[in-house]
> 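Here it is, the structure in full.
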Amino acid sequence: MIDTRVLIVGAGQAGCSVAARLRALGHMGPITLIGEEPHPPYQRPPLSKAYLLGEMPRERLFLRPQTFYADQNIDLKLGASVDWIDRDENTVTVEDDTLPYDHLVLATGATPRRLPAAIGGDLPGTHVLRGIADIDRIAPEFEPGRRLVVVGGGYIGLEIAAVAAKRELNVTIIEAAPRILGRVAALETAAFFRDLHRDHGVRILEDTQLDRVTGTDRADGVLLSDGRHIAADFVVFGVGVAPNTRLAECAGLAVENGIWTDAYGRTSDPAIWAAGDCASLPFLGKRVRLESVGNAIDQGEAVAANILGAAEEYRPKPWFWSDQYDTKLQIAGLNAGSDTVVVRNAGAGSASIWYYRDAQLVAVDAINDPRAYMIGRRMIEAGTSPAPAEIAANDLKSLLIQSARHETTVAVGVAGQSAQATANNGG
């Protein structure tokens with residue numbers, strides 16, 4: 001396996017992680033990393049924050065020094081588009097070239113959604129944010145006094161609004177759902193960030209339907225379904241992303257809200273793997289896509305190991321973060337399906353929100369409370385679950401001690417079972 005040809009489509013965080021991990025694990029065969037953008041692999045989270053604010057030069061976005069790829073004998077093809085996968089011949093068509101593979105990794109990422117062109121979604125002056133080119137296009141718009149309408153009250157929309165407010169723009173957020181962060185956070189987390197943005201002068205319109213983006217040669221605002229018109233100098237769409245599955249679909253691979261993979265990262269074709277935002281994977285009895293840096297790295301590294309024969313299931317440990325103004329939100333776990341929420345206040349401007357499902361701790365939102373995040377993440381990953389009343393009443397130190405005792409008990413139990421199994425087998 002160490003001299004097989006590995007071809008990676010997608011030069012983002014996941015694709016770069018696959019390539020780097022293959023070399024770290026001793027893979028000696030050819031590795032080709034193909035990216036559509038002209039830039040080497042780079043980190044995306046700072047784009048809508050430090051990079052947009054002009055506080056981070058482009059070079060600091062890059063995941064590895066330019067010399068890394070040559071030093072590691074990784075053939076980095078940039079500005080290249082993959083047109084076709086031939087599964088019978090184990091080749092991909094890259095513009096005018098045909099490249100063979102023994103293992104193909106699809107790390108094609110996701111594309112931000114726009115509103116339909118029929119309602120102004122493609123007018124000049126409308127923007128989405130995903131890559132360096134998007135930020136370079138929108139950065140000149142961020143001048144004090146200009147009017148911005150953000151469509152979508154999820155994390156990306158709120159982060160853009162925060163940057164704009166810091167730059168002294170007049171900002172309005174339009175959210176069609178009853179509240180911001182409706183699909184991803186509890187009422188309590190949403191309320192905190194609603195108040196935070198309003199304190200910075202951002203206007204938030206929830207439960208508000210958009211009829212269309214207005215303008216002829218350029219967007220000049222949005223018309224709401226109730227007839228109101230919100231004037232704007234530019235509009236940003238923060239309405240989610242769609243996984244890039246075109247190549248997989250054209251190749252006849254299974255697709256289910258992303259490129260279908262098993263627990264090892266393998267697609268419905270055993271020679272093809274997928275990782276990162278494009279991949280749909282099994283997790284706690286369901287199929288999920290985890291749009292995060294942590295998952296892109298961990299899943300990419302797991303795929304690399306399994307290409308080399310590790311045969312180890314990838315078990316995600318979801319974590320996320322969002323920076324808005326001087327507030328840091330850190331999230332551990334997935335709160336989908338939670339039925340109980342506990343709030344711990346940790347002083348002015350700090351709190352943690354703990355999510356339970358069927359009496360099991362499944363997620364934590366920590367707002368300016370890194371200690372709560374650390375302890376919550378550790379308990380979730382260890383499977384410990386203090387009762388909601390204990391979360392509300394006890395100090396975090398005692399919860400951490402309780403978690404450590406549980407981990408020790410579990411470790412001793414597992415070791416004992418292993419020793420007994422060895423004895424039973426005559427070891």
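Counting from 1, the numbers follow the sequence of the chain as shown.
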> Determine yes or no for a side-chain-to-main-chain donor-acceptor pair under 3.5 angstrom, with Y355 supplying the side chain and A186 the backbone.
yes
> Looking at residues at least two apart in the chain, or sitting in another chain, which of them share a side-chain contact (heavy atoms from CB on, under 4.5 Å) with T327?
F192, F193, L196, I367, N368
> For Q13, does its backbone N or O pair with a side-chain atom of S17 as donor and acceptor, under 3.5 Å?
yes
> Does a donor on one side chain sit under 3.5 Å from an acceptor on the other, for Y51 and D136?
yes
> Which distance, rounded to the nearest 0.5 Å, do you find between the CG of L247 and the CG of D83?
8.0 Å
> State the CG-CZ distance between N170 and R147, to the nearest 0.5 angstrom.
8.5 Å
> Run the ring pair (Phe, Tyr, Trp, His ring centres under 6.0 Å) test against H200 and tell me which residues pass, sequence neighbours left out.
Y325
> Under the side chain to side chain contact (heavy atoms under 4.5 Å, CB included) test against I331, which residue among N335, L329, L334 passes?
L329
> Under the side-chain contact (heavy atoms from CB on, under 4.5 Å) test, which residues partner R198, sequence neighbours left out?
R194, I204, E206
> Quick check against the 3.5 Å criterion: does D134 have a side-chain atom that pairs as donor or acceptor with the backbone of G131?
yes
> Using the ring pair (Phe, Tyr, Trp, His ring centres under 6.0 Å) rule, collect all pairs that involve residues 228-249, keeping only residues at least two apart or in two chains.
F142-F234
> Atom CD1 of I180 and atom CG of D207: how far apart are they, to the nearest 0.5 Å?
13.5 Å
> Taking atom OG1 of T384 and atom CD of E381, what is their separation to the nearest 0.5 Å?
10.5 Å
> Can you sort out the partners of H127 under ring pair (Phe, Tyr, Trp, His ring centres under 6.0 Å), two or more places apart, ordered by chain and number?
none
> Once you round to the nearest 0.5 Å, how far does SG of C16 lie from CD1 of I297?
9.0 Å
> Salt bridge (Lys or Arg N to Asp or Glu O under 4.0 Å): which pairs involve residues 167-185, sequence neighbours left out?
none
> Do side-chain atoms of R315 reach the backbone of F283 as a donor and acceptor pair under 3.5 angstrom?
no
> How about D217: does its CG atom have over 12 heavy atoms from other parts shown lying under 6.0 Å from it?
no
> Taking only residues two or more places apart in sequence, or in another chain, which ones meet Y42 in a ring pair (Phe, Tyr, Trp, His ring centres under 6.0 Å)?
none
> Can you sort out the partners of R287 under side-chain contact (heavy atoms from CB on, under 4.5 Å), two or more places apart, ordered by chain and number?
E256, W260, T261, S280, P282
> Does a donor on one side chain sit under 3.5 Å from an acceptor on the other, for T111 and R130?
no
> Examine distances only and state if a side-chain atom of T267 and a backbone atom of D269 form a donor-acceptor pair shorter than 3.5 Å.
yes
> State, yes or no, whether a side-chain contact exists between L7 and I34 at a heavy-atom distance under 4.5 Å.
yes
> For residues 39-51, which residue pairs qualify under salt bridge (Lys or Arg N to Asp or Glu O under 4.0 Å), counting only residues two or more places apart or in two chains?
E37-R44, K49-E159
> Check whether S48 reaches the backbone of I160 with its side chain - one donor and one acceptor, N or O, closer than 3.5 Å.
no
> What salt bridge (Lys or Arg N to Asp or Glu O under 4.0 Å) pairs are there with at least one residue in residues 346-375, not counting sequence neighbours?
none
> Distance from L104 atom CG to L253 atom CG, nearest 0.5 Å?
8.5 Å
> A side-chain contact here means heavy atoms from C-beta on lying under 4.5 Å apart; do L148 and V236 qualify?
yes
> Suppose we screen for side-chain hydrogen bond (donor to acceptor under 3.5 Å, both in side chains). Which residues come up paired with K328, at least two apart in sequence or across chains?
D323
> Holding to side-chain contact (heavy atoms from CB on, under 4.5 Å), I want the full list of residues that pass it with I119, two or more places apart in sequence or in another chain.
L115, P116, R212
> For A110, does its backbone N or O pair with a side-chain atom of D277 as donor and acceptor, under 3.5 Å?
no
